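Read through the structure below, which is laid out as structure tokens, and then see the notes.
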Protein chains: 2
Amino acid sequence: MRISAKADYAVRAALELAAAGEGVSVKAEVIAGAQGIPHKFLEGILGDLRRGGLVASQRGGNGGYRLARPADTISIAEVIRVVDGPLVSVRGVRPPELSYCGPAESLLPLWIAVRANVRKILGEVTLAEVAAARLPGDVLGLAEDPEAWTNP
Amino acid sequence: MRISAKADYAVRAALELAAAGEGVSVKAEVIAGAQGIPHKFLEGILGDLRRGGLVASQRGGNGGYRLARPADTISIAEVIRVVDGPLVSVRGVRPPELSYCGPAESLLPLWIAVRANVRKILGEVTLAEVAAARLPGDVLGLAEDPEAWTNP
DNA sequence: TCATTCCCTATTTTTCCAGTAGGGAAAATA
DNA sequence: TATTTTCCCTACTGGAAAAATAGGGAATGA
């Protein structure tokens with residue numbers, strides 16, 4: 001299970017906008033510099049976010065991008081979905097479209113459970129919370145366990 | 001976040017072995033037929049599982065593959081790691097190797113929390129449980145929520 | 001000895017990811 | 001109006017990884 005560069009970049013760009021403050025425009029070039037993202041690649045991502053209704057843009061001098069909604073109403077899951085499609089997929093298809101047979105039948109509810117769990121976290125955490133380094137208690141609880149930081 | 005065909009196939013193959021019973025050998029061709037997996041592709045996967053110590057093999061007539069350990073001691077996470085490497089990665093690298101700056105700093109604990117949650121589920125569920133359609137209570141609880149089955 | 005089955009290496013095919021290139025359109029500024 | 005700035009759009013490229021195929025070699029059991 002891998003989170004794509006595009007999803008990672010999109011969230012980081014959105015966080016820069018959240019940190020800039022409501023209604024403040026930031027140029028793509030500035031975001032690219034701040035987060036070390038290739039400029040032209042980022043422009044494509046910001047275009048996706050705009051078409052997805054998460055970001056608004058302004059051309060010309062002093063133009064740039066800003067969040068289309070308050071940062072505390074945009075979840076990380078929304079950002080990822082807009083640029084990458086479904087949050088979790090198996091062989092490229094969403095779990096409910098899968099069909100298993102024989103001893104693998106219970107694999108479907110298992111993938112569903114995994115997806116539900118990922119949704120729970122990424123769906124409840126907002127850009128505002130991450131940008132302000134104030135993660136919700138339950139998420140912080142998971143992240144504070146030292147074991148969560150070790151590689152198996 | 002996508003689960004690869006290889007990981008999906010590997011788990012399904014392992015489930016066939018779990019269902020066959022302890023110490024019973026099953027031919028690759030039979031597994032491939034039962035689960036609709038390309039035969040030669042599956043052979044490669046079974047080779048990975050064998051080198052990873054999860055499966056034992058026997059050549060010649062009446063040969064085949066069998067689990068190297070009891071099915072209730074092998075987690076789904078183990079199977080996936082053997083064929084695909086790290087369970088969760090961001091841009092191909094494991095979360096602890098990432099570094100973020102500025103308003104994205106709290107992204108790291110967030111990915112860690114996601115990973116911890118995925119580990120929790122896939123690490124606690126065993127081949128025996130899935131093959132027997134007896135998922136643990138907490139996993140079943142997640143999968144039973146009707147909302148978990150809807151696409152956003 | 002012979003059929004069976006796993007085992008190994010290489011190759012192909014396809015797909016998608018990540019990044020690049022270049023110019024066009026709108027908006028502000030002078 | 002001219003100019004600069006900045007977003008906007010289309011195309012495309014290189015490369016890696018995923019998914020699958022091919023063909024034969026080495027055990028094993030009958």
Side-chain angles (χ1 to χ4, degrees), chain A residues 1-13 16-17 20 24-33 35-68 80 83-86 89-93, chain B residues 1-13 16-17 20 24-33 35-68 80 83-86 89-93:
Chain A
M1 302 187 73
R2 134 181 201 141
I3 287 145
S4 69
K6 204 170 171 186
D8 184 55
Y9 289 164
V11 174
R12 284 157 64 189
E16 286 286 340
L17 297 182
V24 177
S25 280
V26 186
K27 293 188 246 301
E29 184 65 53
V30 172
I31 300 173
Q35 288 294 328
I37 304 172
H39 171 226
K40 284 299 227 175
F41 191 34
L42 177 62
E43 277 201 344
I45 292 169
L46 288 167
D48 288 341
L49 293 176
R50 181 179 51 78
R51 279 182 291 273
L54 297 185
V55 149
S57 60
Q58 176 75 19
R59 295 203 251 205
N62 265 24
Y65 295 89
R66 64 183 189 281
L67 294 181
I80 296 180
V83 298
D84 255 6
S89 69
V90 179
R91 276 177 294 133
V93 309
Chain B
M1 301 185 76
R2 146 187 192 131
I3 287 145
S4 69
K6 203 170 170 185
D8 184 54
Y9 290 164
V11 173
R12 285 156 65 189
E16 286 286 340
L17 297 182
V24 178
S25 282
V26 187
K27 292 188 247 301
E29 183 65 54
V30 171
I31 300 174
Q35 287 294 327
I37 304 171
H39 171 225
K40 283 301 228 175
F41 191 35
L42 178 62
E43 277 201 344
I45 292 169
L46 288 167
D48 288 341
L49 293 176
R50 180 179 51 80
R51 280 182 289 274
L54 297 185
V55 149
S57 60
Q58 178 74 20
R59 294 202 251 203
N62 264 26
Y65 294 88
R66 63 183 190 281
L67 293 180
I80 296 179
V83 298
D84 255 4
S89 69
V90 179
R91 276 178 293 132
V93 311

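Reckoned from all heavy atoms, side chains included, excluding hydrogens, waters and symmetry mates. Keep in mind that this is a model prediction, so the values were computed, not measured. Proteins get letters first, then strands, A, B, ... in listed order; numbering begins at 1 in each.
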[X] [atom1] - [N] [atom2] separation (whole Å):
X: I37(A); N: dC17(C); atom1: CD1; atom2: P; result: 17 Å
X: R59(B); N: dT5(C); atom1: CZ; atom2: C1'; result: 9 Å
X: H39(A); N: dC9(D); atom1: NE2; atom2: C1'; result: 14 Å
X: I45(A); N: dC17(C); atom1: CD1; atom2: P; result: 12 Å
X: L42(B); N: dT21(D); atom1: CG; atom2: P; result: 12 Å
X: F41(A); N: dT13(D); atom1: CZ; atom2: C1'; result: 14 Å
X: M1(A); N: dA17(D); atom1: CE; atom2: P; result: 20 Å
X: L49(B); N: dC6(C); atom1: CG; atom2: C1'; result: 14 Å

Is [X] near enough to [N] that one of its side-chain N or O atoms lies under 4.0 angstrom from OP1 or OP2?
X: R66(B); N: dC6(C); result: no
X: R91(A); N: dT15(C); result: no
X: R50(B); N: dC7(C); result: yes
X: R51(B); N: dC8(C); result: yes
X: S57(B); N: dC7(C); result: yes

**Asked** Between Q58(A) and Y9(A), which has a closest nucleotide on DNA chain C that is more 5'?
**Response** Y9(A)
**Message:** Quick check on DNA chain C: between R2(A) and N62(A), whose nearest nucleotide comes earlier from the 5' end?
**Reply:** R2(A)
**Asked** Do you know which two heavy atoms are closest between R91(A) and R2(B), and how far apart they sit?
**Response** C-NH2, 3.9 Å
**Message:** If I compare all heavy atoms of G63(B) with all of S25(B), which pair ends up nearest, and what's the gap?
**Reply:** O-CB, 4.1 Å
Mind checking if [X] touches a base, just sugar-phosphate, or nothing, with heavy atoms under 4.0 Å?
X: K27(B); result: sugar-phosphate
X: E43(B); result: base
X: G44(A); result: nothing

**Asked** K40(A) or G61(A): which one's nearest nucleotide on DNA chain D is closer to the 5' end?
**Response** G61(A)
**Request:** Could you check D84(B) against G60(B) and say which one's nearest nucleotide on DNA chain D is further toward the 5' end?
**Result:** D84(B)
Nearest 0.5 Å, please: how far is [atom2] in [Y] from [atom1] in [X]?
X: L46(A); Y: K27(A); atom1: CG; atom2: NZ; value: 13.5 Å
X: K6(A); Y: D48(A); atom1: NZ; atom2: CG; value: 4.5 Å
X: I3(B); Y: D8(B); atom1: CD1; atom2: CG; value: 8.0 Å

**Message:** If you only use heavy atoms from C-beta on, which nucleotide in dA27(D), dC8(D), dT21(D) is closest to the side chain of Y65(A)?
**Reply:** dC8(D)
**Prompt:** Would L67(B) and V55(B) count as a side chain to side chain contact (heavy atoms under 4.5 Å, CB included) if you check the C-alpha gap in whole Å, the side-chain angles of each, and the deciding distance to 0.1 Å?
**Reply:** CA-CA 4 Å; L67(B) 293 180; V55(B) 149; 4.2 Å; yes
**Message:** Any N or O donor-acceptor pair under 3.5 Å from the base of dG19(C) to the side chain of K6(A)?
**Reply:** no
